[in-house]
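All chains are named by letter (A, B, ...) in the order of the sequence lines, taking the proteins before the strands, and each is independently numbered beginning at 1. Only heavy atoms go into these numbers, but all of them, side chains included; no hydrogens, no water, no symmetry mates.
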Protein chains: 2
Amino acid sequence: MNELERLIGRIVDRVNVNLREPAFNVGPYVLGTIPLDQFAKFYAFYGLTDQHPFHFQFCNSALAGSYFLGKCSVDHSVLYKTDVRGDELKKKGDVFASHGMKIPLHDDEMIRIKDSWLIKNLVHNNSHDPESPEEFSIKNTVSMHYANIHGAPVEGCFIGPYATVDLTTLRNCIVGTYSYVQTGELVHRHVVAGRIWVRAGDVFEFNYQYPAEVLERYVHLVQGKRPEGEMIDFVESRKQDFERLFQEFKSESATTIPAGTALSRYTVVKGETEIGENVLVAQRAYLENAKLGRGANVQENCYIINSQLEGFNVTAHGGKIIHARMGKKIFVGFNSFLRGTAANSLKVGDECIVMPHTIIDLEEPLEIPPRHLVWGYIRNRRELEGHSIALQKLSRVKNLVELGSMRFEGSGKECVKALQHRIEHILEENGAFFEKNVKKGHAQKNQNISYNIFQPHPEGPLKGIYPCMDIRP
Amino acid sequence: MNELERLIGRIVDRVNVNLREPAFNVGPYVLGTIPLDQFAKFYAFYGLTDQHPFHFQFCNSALAGSYFLGKCSVDHSVLYKTDVRGDELKKKGDVFASHGMKIPLHDDEMIRIKDSWLIKNLVHNNSHDPESPEEFSIKNTVSMHYANIHGAPVEGCFIGPYATVDLTTLRNCIVGTYSYVQTGELVHRHVVAGRIWVRAGDVFEFNYQYPAEVLERYVHLVQGKRPEGEMIDFVESRKQDFERLFQEFKSESATTIPAGTALSRYTVVKGETEIGENVLVAQRAYLENAKLGRGANVQENCYIINSQLEGFNVTAHGGKIIHARMGKKIFVGFNSFLRGTAANSLKVGDECIVMPHTIIDLEEPLEIPPRHLVWGYIRNRRELEGHSIALQKLSRVKNLVELGSMRFEGSGKECVKALQHRIEHILEENGAFFEKNVKKGHAQKNQNISYNIFQPHPEGPLKGIYPCMDIRP
């Protein structure tokens, strides 16, 4: 047995120990799902800018195809084509406000990944755990294809494909396929597949449950197999376009971009694509005949195809928008799948909020009026009615509203406020409001990144394992 | 002043302190010769194989375009497009024989470069200094374009362009442009430009002095300018061909090579080029219409154009062979420039030894008979007579032979023996005699290298300086 097999076995053991209570065995989900040769086939890379304090430590890990930015350590872990962004890490001296307390940071915050298996994940670091503000920790965890670990420290967890854990601290939890969890803190919970769950303390709670047949069609996971479904097919069929980006050391983009805009060199750009000012397009995004208005952002693993974003749009990690005309300041949540066609196009009005993990897959043209909240599975006008609510109407909800398998409890007003506040925050962080050198965000800070490429041991007993590295300014 | 300027100033100060005796100021040779922006423009890279123990440490240095293999540390130094090979480093437990003593190694040998400025150098590591066998040290030294530092620890030195210091330990020395020094140990010496000097203790000594007008034509250095001359023009005019190699992350070579052969992906291959078995072609070599027979090697910065090497040929670092037919087991020494033309081609007989830094620039066709030693400046048959001697004849020399400005003293027999022994050693080390998995050398060990790319700070006060890195298995 070589070191890579030993490492994978070790991770499985560690996670299983954590999940011993429901006696969940992550082994079949991990072992054999990626041929071991794949790990020696791809380089990993990290970005340097003069805008982000950095410190990288990698030890006894397989990191094929992964990308790192900011301060980050990875020990005894397998990261496969995973983006670990560290561009919102808190800094020494910052004061972190949480639950009415003011917590000063004694050190720069660092992402620490240990004894974990992350495959095609997006890890973003705006962590809200007040207990260890200097450390955003991912430990003893298996996280499957295209999951988002978003400011969410996790320990002893299994996170299914296309699941998102967002501003939540999880310990010994199972989060099912395509579940979205934003609940603060969870311990020893099994969140079933397709549950969309937002909870803000006692203030409000949103729940939606996907029907099994929808998950079956779009994304589902069977033990020992790779995830399957139309969402997977969609991504897989565009995989080749990315390959050439990773072949060239510097790619000369034919796309001209304005001064305040960042277009990652690891973005696919095809067809007639236009990019406006203060736009952020992250690595592994995919643009084809896309018009991106001022202040729009297209995050990691997003696809914008035959579509227009009018401006100040947030397309969160993994969002896909096809044949759509999106008005101004629209939020499209994580891993949403908005698929119009040339004949059945989608139009979304200004300031709509598309909840994370929403599937709109049209069989007729559809127009969503401005300032609506949208969720769940929508194919036509009739289904839209059962899966949307005007923000104004939601603001008036004081206790409860139920619509199909959506149940909202608590203060609608606070919910709308929280969502809108977050959208403002994201736009601000991403540099959408940049003007005359003020309000710099990722779009401006990420323009001048240098990419550093590192590789695993190419042969021998350590094949596929990366050397131990320590990199600081 | 930014950190890079401060670093360069620091190196100049350190070297000047070492060269205070002849009061030599390296400042004008260093300051301003490379625009500072260039240092932020190119990546550096290191190779990993499972054949070479590695450990890299880089700190507060500018490393643009440089390549590293093996165990190596670089501190407070500027390395610009310099290859540092560490594939013949001695290992812990090895016993190094020198001057009749047996010196056991307490640790793996490491290359240590400190407070130095190396530009377009080739550093090879087969160090013969018995005093610190665990450390091959380059310290307080300025070394100019295309110099070779070949197993030669140097401290407090200025090494001119196209100079070679070979198996020599130098302290506080100036080695002039295109000088070749292989003398054991030198302290406080100024070796004038164009001196070819080989000395083996009291056994033999070879001296040749290039006329000033030849240096003027081919390579010379004026304070504050880049080196000039036809040798520089030759290399500069082919620079573009290398650029594309450095643009692509992996280059798919169209050239098929036999199993026991290594062709660096950083080699330019053009025209009708054929490569035989057990051939080693190093990075930054240039092949155009080249036929390389079994066991030939083409080292760093070599150019083989419209030429055939019949087999077991050694073309040492920086050797250039144009329009030539080279017989079997011919040695072409460092930075030699053998330039035939289609009309005036060069033919060299088997087992000839072309001394390092030989210039053959033909104005008529020329044939060099087998088993001859050749040196100096040769344009025609008449000049060949004054710059060559049959090895058999040299073997009979007991005290002295003089030919033009060549003077040989001592035992010709021992000289021929030493040269032939070294050629065998090089062929063996390079894997020319590999068969059935026995006698592995660089050609076999360097086949599966993974290249790791790292970059300097792209902006800010540290622009052009590389982050501090520590990389180990």
Side-chain angles (χ1 to χ4, degrees), chain A residues 2-3 39-60 63-65 71 243-252 265-266 444-473, chain B residues 2-3 39-60 63-65 71 243-252 265-266 444-473:
Chain A
N2 68 16
E3 198 52 41
F39 291 103
K41 222 173 130 183
F42 307 105
Y43 61 76
F45 56 121
Y46 58 88
L48 293 187
T49 77
D50 67 332
Q51 303 285 330
H52 309 102
F54 66 89
H55 184 187
F56 300 106
Q57 288 177 303
F58 305 114
C59 212
N60 190 36
L63 306 169
K71 293 202 168 187
E243 281 170 12
R244 95 187 140 74
L245 294 179
F246 285 87
Q247 285 293 331
E248 290 169 12
F249 178 63
K250 282 185 184 172
S251 88
E252 297 301 327
R265 79 160 226 63
Y266 290 105
Q444 293 78 42
K445 291 180 184 174
N446 293 2
Q447 287 181 330
N448 202 348
I449 291 187
S450 72
Y451 292 97
N452 296 264
I453 287 173
F454 60 113
Q455 298 214 62
H457 292 274
E459 286 296 342
L462 292 173
K463 184 175 175 179
I465 299 280
Y466 280 63
C468 284
M469 305 177 70
D470 184 291
I471 302 155
R472 49 185 97 206
Chain B
N2 68 16
E3 198 52 41
F39 291 104
K41 222 171 132 184
F42 307 106
Y43 62 76
F45 55 120
Y46 57 88
L48 293 187
T49 77
D50 67 331
Q51 302 286 329
H52 310 101
F54 66 88
H55 184 186
F56 300 105
Q57 287 177 303
F58 306 114
C59 212
N60 189 38
L63 306 169
K71 293 202 168 188
E243 282 170 12
R244 100 191 133 74
L245 293 179
F246 285 87
Q247 285 294 330
E248 290 168 14
F249 179 63
K250 282 184 185 174
S251 89
E252 297 301 326
R265 80 158 223 65
Y266 289 105
Q444 293 77 41
K445 291 180 183 174
N446 292 1
Q447 286 181 333
N448 202 349
I449 290 187
S450 73
Y451 292 97
N452 296 265
I453 287 173
F454 60 113
Q455 299 214 60
H457 292 274
E459 286 296 341
L462 293 173
K463 183 174 175 179
I465 299 280
Y466 280 62
C468 284
M469 306 177 70
D470 184 292
I471 303 155
R472 49 184 97 206

Asks: So A:F246 and A:F45, would you call those rings parallel, tilted or perpendicular, with 30° and 60° as cut-offs?
Replies: perpendicular
Asks: Which region of A:Y46, side chain (C-beta onward) or backbone (N, CA, C, O), has a non-hydrogen atom less than 4.5 Å from a non-hydrogen atom of chain B, or is it both or neither?
Replies: side chain
Asks: Side chain, backbone, both or neither: which part of A:F54 has a heavy atom under 4.5 Å from chain B?
Replies: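 The answer is the side chain of A:F54.
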Asks: Holding to side chain to side chain contact (heavy atoms under 4.5 Å, CB included), I want the full list of residues that pass it with A:Q57, two or more places apart in sequence or in another chain.
Replies: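 Testing A:Q57 for side chain to side chain contact (heavy atoms under 4.5 Å, CB included), a comparison that skips the adjacent residues, returns A:H55, A:S73, A:M110, A:R112, A:D470.
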Asks: Is there side-chain contact between A:P456 and A:K463, with heavy atoms separated by less than 4.5 Å?
Replies: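 When only atoms from C-beta onward are counted, A:K463 and A:P456 do not touch, as no gap falls below 4.5 Å.
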Asks: Please tell me whether A:F454 and B:F454 form a close aromatic pair, meaning their ring centres lie under 6.0 Å apart.
Replies: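 For A:F454 and B:F454, the ring centres are not under 6.0 Å apart.
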Asks: Apply side-chain hydrogen bond (donor to acceptor under 3.5 Å, both in side chains) to A:S450 and list each qualifying residue two or more places apart in sequence or on a separate chain.
Replies: none
Asks: Of the backbone (N, CA, C, O) and the side chain (C-beta and beyond), which part of A:P461 lies under 4.5 Å from a heavy atom of chain B, both, or neither?
Replies: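 The answer is neither part of A:P461.
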Asks: Which region of B:Y43, side chain (C-beta onward) or backbone (N, CA, C, O), has a non-hydrogen atom less than 4.5 Å from a non-hydrogen atom of chain A, or is it both or neither?
Replies: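 Looking at B:Y43, just its side chain touches chain A.
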Asks: If you tally heavy-atom pairs under 4.5 Å against chain A, which of B:C59, B:A40, B:A44, B:C468 wins?
Replies: B:C468
